[in-house]
Amino acid sequence: MADSAQAQKLVYLVTGGCGFLGEHVVRMLLQREPRLGELRVFDLHLGPWLEELKTGSRWGSLWRGGCGRFPIPSQAGIPTPAVEQMILVSVHMDGIRPVRVTAIQGDVTQAHEVAAAVAGAHVVIHTAGLVDVFGRASPKIIHEVNVQGTRNVIEACVQTGTRFLVYTSSMEVVGPNTKGDPFYRGNEDTPYEAVHRHPYPCSKALAEWLVLEANGRKVCGGLPLVTCALRPTGIYGEGHQIMRDFYRQGLRLGGRLFRAIPASVEHGRVYVGNVAWMHVLAARELERRAALMGGQVYFCYDGSPYKSYEDFNMEFLGPCGLRLVGTRPLVPYWLLVFLAALNVLLQWLLRPLLLYAPLLNPYTLAVANTTFTVSTDKAQRHFGYEPLFSWEDSRTRTILWVQATGGSAQ
Ligand SMILES: NC(=O)C1=CN([C@@H]2O[C@H](COP(=O)(O)OP(=O)(O)OC[C@H]3O[C@@H](n4cnc5c(N)ncnc54)[C@H](O)[C@@H]3O)[C@@H](O)[C@H]2O)C=CC1
Ligand SMILES: CC(C)CCC[C@@H](C)[C@H]1CC[C@H]2[C@@H]3[C@H](O)CC4=CC(=O)CC[C@]4(C)[C@H]3CC[C@]12C
């Protein structure tokens, strides 16, 4: 990535590129990565918005342009994932230029599909993951996607000679722990007893460890792999499904939501655009600052205020017409614990008939009810990160999105 710095066009691969965060990473790369020559978007489910990129019809996109479809031949009898390519003329901050966008429908648990997608890429941003704390997927599948999938990405980098890997980890790798110890405005060095039992944080912790441990491994060609992990707290912004679910629930309840968590419990949140920007910057700087950044973890942060989970959501849902009833929880905590346990029982009893996976369970209750906030400047010190979106911008963008899509089926 180094010498012919200005001229060289780079190939980026974003796994999970059609997810909530992944889509923002893809858009951010198109808008703000001057050396982007080709962008590979790898996902189990390709989103229709990829098609819309061509017309620039959603979220006031900046780009428009021609497109073409090119079949990619399968190599040595190995079936390649479904691939579609288009050439976009992206209107970048620094001018107009063509970028080849390759949409790859593939599965990170399939090593050969990952290897085919990684081959020839300079940088991999691995955001694909199974985000499930509600018991929708089995622990085995969560492990396969989050841990084996990450192992496949690392091995593909090593085999094909890709040197730079940014992994989307999670605050959940640290906590909150099962004892409910508060993590109050902590940073990457704050001592905390991380105790994982739930399959999701277990899988993220293991995957993060694999990524950090792989830093320095020799890739094909003999050069070292450089890796780092970014740990978002709860992400919010355009595309946030749970925010939309709360909005719809509030509408059903006559414009009201009922406070369940004490206002004093702080829950860390970060705007999706800033998380995406942090990924783009980290990926860009990994080569130049390999010695400093390689094998490091970074919490994702911005200017979002420290608030309880529900009070924070009201920053967006309030202007959309909802009201949070109660200055203190209306339901006693013991009753929430009971209902959460009941939900586990119902989930188990109903499993043969249907998937019952409500938001409230003992794990989500513990997470929502335990203070976990970060205060750090490590990303600024190591790779010059400053939030791209102010709190006011992040708030406005999220409100506009809830208003536009909250009531619709989109
Ligand atoms: N949403 C949040 O608040 C947080 C998310 N994260 C992490 O950020 C990453 C992205 O999360 P979100 O965008 O929220 O989730 P998401 O579910 O919207 O996106 C994940 C994407 O990965 C894809 N994917 C899942 N299994 C796959 C497979 N086997 N092969 C290929 N692609 C697959 C999905 O189709 C989806 O598009 C995840 O790794 C998650 O652990 C971390 C902290 C907080
Ligand atoms: C009244 C109920 C108890 C409120 C339930 C809210 C919960 C559904 C959410 C509260 C905290 C959320 C989690 C948190 O933001 C950290 C996360 C990090 C991730 O990597 C994935 C998502 C999540 C686990 C997030 C999930 C929803 C909550 C548990």
Side-chain angles (χ1 to χ4, degrees), residues 14-26 41-47 49-50 81 104-110 113-114 117 125-134 136-137 141-142 144-146 148-150 152-153 167-176 198 200-201 203-205 207-208 211 229-237 239-243 245-246 249 257-262 265 267-272 275-276 279 299-300 308-310 312-313 324 329-331 333 336-337 339-340 343 357-370 372-373:
V14 181
T15 71
C18 290
F20 167 41
L21 172 61
E23 177 176 346
H24 284 266
V25 172
V26 164
V41 182
F42 182 96
D43 205 297
L44 198 53
H45 307 289
L46 296 179
W49 62 273
L50 274 175
I104 308 170
Q105 195 262 314
D107 184 343
V108 288
T109 67
Q110 302 302 310
E113 296 189 3
V114 178
I125 299 180
H126 177 40
T127 78
L130 193 45
V131 184
D132 181 20
V133 289
F134 309 111
R136 290 179 189 141
I141 296 201
I142 294 175
E144 264 168 31
V145 175
N146 293 350
Q148 188 55 43
T150 301
N152 289 342
V153 169
Y167 172 62
T168 315
S169 181
S170 168
M171 68 178 243
E172 297 263 310
V173 160
V174 178
H198 192 278
Y200 175 75
S203 69
K204 293 300 283 185
E208 183 189 271
V211 167
L230 306 188
R231 294 172 172 170
T233 53
I235 307 174
Y236 70 93
H240 185 207
Q241 298 299 328
I242 299 178
M243 183 81 76
D245 292 348
F246 274 112
Q249 192 186 354
L257 287 169
F258 299 96
R259 187 185 291 279
I261 303 296
V265 176
H267 188 81
R269 303 293 283 270
V270 60
Y271 176 61
V272 66
V275 180
H279 281 70
F299 276 121
C300 299
S308 76
Y309 188 77
E310 290 167 319
F312 191 84
N313 284 353
L324 184 62
L330 294 182
V331 183
Y333 185 66
L336 280 180
V337 172
L339 291 174
N343 278 341
L359 289 187
L360 180 65
N361 64 46
Y363 182 74
T364 57
L365 179 60
V367 176
N369 205 44
T370 306
F372 196 104
T373 43

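When a ligand or atom number is given, it counts from 1 through the structure's own listing order. As the structure is a prediction and not an experimental result, all values here were calculated from the model.
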[atom] - nearest protein heavy atom and its distance:
atom: atom 26 (N) of ligand 1; answer: Val145 CG1, 3.6 Å
atom: atom 10 (C) of ligand 1; answer: Thr127 O, 3.4 Å
atom: atom 26 (C) of ligand 2; answer: Val133 CG2, 3.9 Å
atom: atom 42 (C) of ligand 1; answer: Ser169 O, 3.1 Å
atom: atom 13 (O) of ligand 1; answer: Leu21 N, 2.9 Å
atom: atom 15 (O) of ligand 1; answer: Val131 CG2, 3.5 Å
atom: atom 23 (C) of ligand 2; answer: Glu172 OE2, 4.4 Å
atom: atom 6 (C) of ligand 2; answer: Tyr309 CE2, 3.6 Å
atom: atom 8 (C) of ligand 2; answer: Phe134 CE2, 3.9 Å
atom: atom 8 (O) of ligand 1; answer: Thr168 CG2, 3.3 Å
atom: atom 7 (C) of ligand 2; answer: Thr364 CB, 4.2 Å
atom: atom 1 (C) of ligand 2; answer: Ala260 CB, 3.8 Å
atom: atom 25 (C) of ligand 1; answer: Gly129 O, 3.4 Å
atom: atom 18 (O) of ligand 1; answer: Phe20 N, 2.9 Å
atom: atom 13 (C) of ligand 2; answer: Val367 CG1, 4.1 Å

Looking at ligand 1, is there an atom of it that comes within less than 4.0 Å of some heavy atom belonging to [X]?
X: Asp43; answer: yes
X: Gly17; answer: no
X: Cys18; answer: yes
X: Cys300; answer: no
X: Tyr200; answer: yes

Do [X] side-chain atoms and [Y] backbone N/O form a donor-acceptor pair below 3.5 Å?
X: Asp132; Y: Ala137; answer: yes
X: Thr370; Y: Val367; answer: no
X: Asn146; Y: Gly129; answer: no

Please indicate whether any nitrogen or oxygen in [X] is less than 3.5 Å from any nitrogen or oxygen in ligand 2.
X: His267; value: yes
X: Ser170; value: yes
X: Tyr200; value: yes

Next item on the list: Kindly give the heavy-atom pair with the smallest separation between Asn369 and Val265, and that separation in Å.
Entry: C-CG1, 3.6 Å
Margin query: Please report the interatomic distance OG1(Thr127) to CG(Leu230), rounded to the nearest 0.5 Å.
Written below: 11.0 Å
Check: Once you round to the nearest 0.5 Å, how far does CD1 of Ile104 lie from CG of Leu46?
Finding: 9.0 Å
Check: Do Ile235 and His240 come close enough that some side-chain heavy atom pair is under 4.5 Å?
Finding: no
Next item on the list: Assess the side chains of Asp245 and Gln249: does a donor N or O sit below 3.5 Å from an acceptor N or O?
Entry: no
Check: Do Tyr236 and Phe312 have ring centroids that are under 6.0 Å from one another?
Finding: yes
Output the list of atoms in ligand 1 that are nearer than 4.0 Å to some heavy atom of [X], sorted by atom number.
X: Gly106; result: 30 (N), 31 (C)
X: Thr233; result: 43 (C), 44 (C)
X: Asp107; result: 28 (C), 29 (N), 30 (N)

Next item on the list: Identify which of Ile242, Leu360, Thr168 has a heavy atom lying nearest to atom 2 (C) of ligand 2.
Entry: Leu360
Checklist line | Leu336 contact mode with ligand 2 (heavy-atom cut-off under 4.0 Å) | finding: neither
Check: Using a heavy-atom cut-off of under 4.0 Å, does the side chain or the backbone of Ile235 touch ligand 1, or both, or neither?
Finding: both
Note to self: Please work out, at 4.0 Å between heavy atoms, whether the side chain, the backbone, both, or neither of Lys204 comes within that distance of ligand 1.
What the structure shows: side chain
Looking only at distances, can you tell me whether any N or O atom of [X], backbone or side chain, sits closer than 3.5 Å to an N or O atom of ligand 1?
X: Gly16; value: no
X: Gly19; value: yes
X: Leu44; value: yes

Item checked: Is_contact(atom 21 (C) of ligand 2), protein non-hydrogen, under 4.0 Å -> yes
Next item on the list: For atom 28 (C) of ligand 2, decide whether some protein heavy-atom distance is shorter than 4.0 Å.
Entry: no
Next item on the list: Take the angle between the ring planes of His126 and Tyr167 and call it parallel below 30°, perpendicular above 60°, tilted in between.
Entry: tilted
Next item on the list: With sequence neighbours left out, write down each residue that passes side chain to side chain contact (heavy atoms under 4.5 Å, CB included) with Ala205, or none if nothing qualifies.
Entry: Val173, His196
